[in-house]
Number of protein chains: 2
Amino acid sequence: MSLLIQNISKHISLTPEEQLLFLSKTETHTFKAKTILLNSGQICKHSYFVNSGILRSFNINDNIVEHILTFACEGWWIGDMYSLISQKPGNLFIEVLEDAEIVMLSKENQDFLYAEIPKLERFFRILTENSLVANQERLMDNLSLSAEERFEKFRRKYPTLLQKVPQKQIASYIGVTPEFFSKMKSKLLRK
Amino acid sequence: MSLLIQNISKHISLTPEEQLLFLSKTETHTFKAKTILLNSGQICKHSYFVNSGILRSFNINDNIVEHILTFACEGWWIGDMYSLISQKPGNLFIEVLEDAEIVMLSKENQDFLYAEIPKLERFFRILTENSLVANQERLMDNLSLSAEERFEKFRRKYPTLLQKVPQKQIASYIGVTPEFFSKMKSKLLRK
DNA sequence: GAGGGCACTTAATTTAGGTTAAGAAAAAAA
DNA sequence: TTTTTTTCTTAACCTAAATTAAGTGCCCTC
């Protein structure tokens, strides 16, 4: 069974026909690292489900500084939620960090599937709720924890990412400069 | 028509019977300012819809510093999403800031209503999506904007709140100390 | 295998924002 | 009204993290 169907089946149960219908409305593609799937200023047309590889979404401030909103590894969904909902140009980039196989679900097909398989409303509601909870926690962490504590949390939450993505991107995710991150890391190692 | 039904009707349409069923599963109460509706460490049993007044959700760090997650005014929903979903003890407080009339929807009744009126899955999906988008924007703002810029955004987004809640709570929301907020404010006024 | 970018490090300097403390003003309570 | 508590301000001092800059190692690709 595909990773995507497994993912859905964690929260709702689909009949074999529904599974086939769902899959028939998606497209699976492979992308090389460094591919930009969505550019800032574009309208986001798809939700992306990661079969393998790593993606990230980020924005760029004043044309200089990148800030990472999310990483997405195997079994995660990613997209520009704002742009996807509003169908207006967003300010996020979505980029492939590690060669990836991606299931793409277009906004239109998603709406079609909501109509055909109303249970999917439930599935995406739960998915969105979980994102919201994670996001709220990260926001509170950014308000109340030091960079060191945020790094510790990141390391515990995404142990595999630590090995796989350049550390300047982890710095960006936890909200510090690469230089400060480097200093902090060597301080932690010295302990 | 009640504010709550208006709110729901923005996203889905309910028959009069469904409206009555929904309302029959809620309880409306009034609360005085300073009432704590939910304490840290408790399991959140209700979603709260604000008919009038102002509420806030916040956590307390190291028993000292408060950090505000959300304000909720007329027509807004509020709750501890983490605790509500998981039915585990959360770390948020929910407090009434200004005398309020609140519609309370228990977790059990919400689940009951999902079963009776599946359209509601859609409604709460959309509600959660909108929260997520707002939350993501706030997170990115916290990563990339200065305190002054965050305050400017807050002021534009919630002009009414500025008058109504103590400024130390706005400080807490944008993520600075009351002292720094005061300094910043007088600097902005001098311009 | 030489050269050109990246990613990472280190260090000096600067700054945004925190801390501490104390008084003034305002609001709530009595 | 008076008292008490909370909120707001101001100011001196402190610190986490940013900025700037220079140097090192490393993977590309030509």
Side-chain angles (χ1 to χ4, degrees), chain A residues 32-36 54 56 58 60-68 71 95-99 141-155 161-191, chain B residues 31-36 54 56 58 60-68 71 93 95-99 141-155 161-191:
Chain A
K32 288 257 152 216
K34 298 192 182 174
T35 309
I36 301 284
I54 304 177
R56 65 167 178 151
F58 62 101
I60 297 186
N61 216 239
D62 305 323
N63 292 316
I64 307 176
V65 192
E66 295 181 1
H67 289 281
I68 294 186
F71 292 107
E95 184 196 16
V96 179
L97 289 182
E98 203 179 64
D99 294 2
D141 286 351
N142 276 308
L143 289 175
S144 59
L145 303 183
S146 67
E148 224 165 282
E149 291 168 312
R150 264 146 37 215
F151 175 50
E152 256 322 306
K153 267 201 135 171
F154 176 87
R155 146 186 277 170
L161 272 182
L162 210 57
Q163 269 70 353
K164 290 186 177 173
V165 313
Q167 84 178 27
K168 62 177 244 180
Q169 297 199 9
I170 295 170
S172 161
Y173 182 92
I174 70 170
V176 295
T177 58
E179 293 86 355
F180 183 75
F181 187 87
S182 174
K183 179 158 63 168
M184 187 175 80
K185 201 184 83 175
S186 75
K187 189 182 141 204
L188 287 175
L189 285 176
R190 262 181 277 121
K191 283 183 185 170
Chain B
F31 298 99
K32 288 260 153 214
K34 298 193 179 173
T35 309
I36 301 283
I54 305 177
R56 65 166 177 150
F58 63 101
I60 298 187
N61 216 239
D62 304 324
N63 292 315
I64 307 174
V65 193
E66 294 181 3
H67 290 281
I68 294 185
F71 292 107
F93 296 79
E95 185 195 17
V96 179
L97 288 182
E98 202 178 63
D99 294 2
D141 286 352
N142 276 308
L143 289 176
S144 60
L145 304 182
S146 68
E148 225 165 278
E149 291 169 312
R150 270 155 19 222
F151 175 49
E152 255 323 307
K153 267 200 135 172
F154 177 87
R155 144 185 280 169
L161 272 181
L162 212 55
Q163 268 69 353
K164 291 186 176 173
V165 312
Q167 84 179 26
K168 63 177 244 182
Q169 297 199 7
I170 296 170
S172 160
Y173 182 91
I174 70 170
V176 296
T177 58
E179 293 86 356
F180 182 76
F181 187 89
S182 176
K183 179 161 58 169
M184 186 175 81
K185 201 182 83 176
S186 75
K187 189 183 141 203
L188 288 174
L189 285 175
R190 261 180 276 122
K191 281 182 184 170

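Order of the sequence lines sets the chain letters (A, B, ...), proteins ahead of strands, with each chain counted from 1.
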Steps toward side-chain contact (heavy atoms from CB on, under 4.5 Å) verdict (Leu162(B), Phe151(B)): CA-CA 10 Å; Leu162(B) 212 55; Phe151(B) 175 49; 3.9 Å; yes
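What you find for Glu95(A) and Lys34(A) is that their closest heavy atoms are OE2-CA, 3.8 Å. In this structure, Arg150(A) and Leu145(A) approach most closely via the heavy-atom pair NH1-O, 3.0 Å. Looking at every heavy atom in both residues, Leu143(A) comes nearest to His67(B) through O-CE1, 3.1 Å. The two residues Gln169(B) and Phe71(B) have their closest heavy-atom pair at O-CZ, 3.8 Å. Residues Ile60(A) and Ile64(A) come closest through the heavy atom pair CG2-N, 3.5 Å.
Contact footprint of chain B on DNA chain C: nucleotides with an atom under 4.0 Å from a non-hydrogen protein atom, first to last in 5' to 3' order, dG17(C) to dA21(C).
Every residue two or more places apart in sequence or in another chain that forms a side-chain contact (heavy atoms from CB on, under 4.5 Å) with Ser182(A) is listed here: Gln167(A).
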Please produce a list of atom pairs where a protein N or O lies less than 3.5 Å from an N or O of nucleotides 28-30 of chain D.
none

Nucleotides 13-17 of chain D: which of its N/O atoms have a protein N/O under 3.5 Å away?
from, atom 1, to, atom 2, distance (Å)
dA17(D), OP1, Ala147(A), N, 3.0

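Checked by atom type and distance alone, the side chain of Asp99(A) never pairs as donor or acceptor with a backbone atom of Lys32(A) at under 3.5 Å.
Rounded to an integer number of Å, the gap from Lys34(A) NZ to dC27(D) P is 13 Å.
Summarising the geometry, atom NZ belonging to Lys164(A) is positioned 5.0 Å from atom CD1 belonging to Ile54(A); distances are rounded to the nearest 0.5 Å. Within the model, atoms CD of Glu152(A) and CD of Glu149(A) stand 9.5 Å from one another, a figure rounded to the nearest 0.5 Å.
Contacts of residues 162-170 of chain A with DNA chain C (heavy atom under 4.0 Å): Pro166(A), Gln167(A), Lys168(A).
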Please tabulate, one pair per line, all N/O donor-acceptor pairs under 3.5 Å involving side-chain atoms of residues 170-181 of chain A, not counting sequence neighbours.
from, atom 1, to, atom 2, distance (Å)
Ser172(A), OG, Glu66(A), O, 3.1
Ser172(A), OG, Ile68(A), N, 3.0
Thr177(A), OG1, Phe180(A), N, 3.2

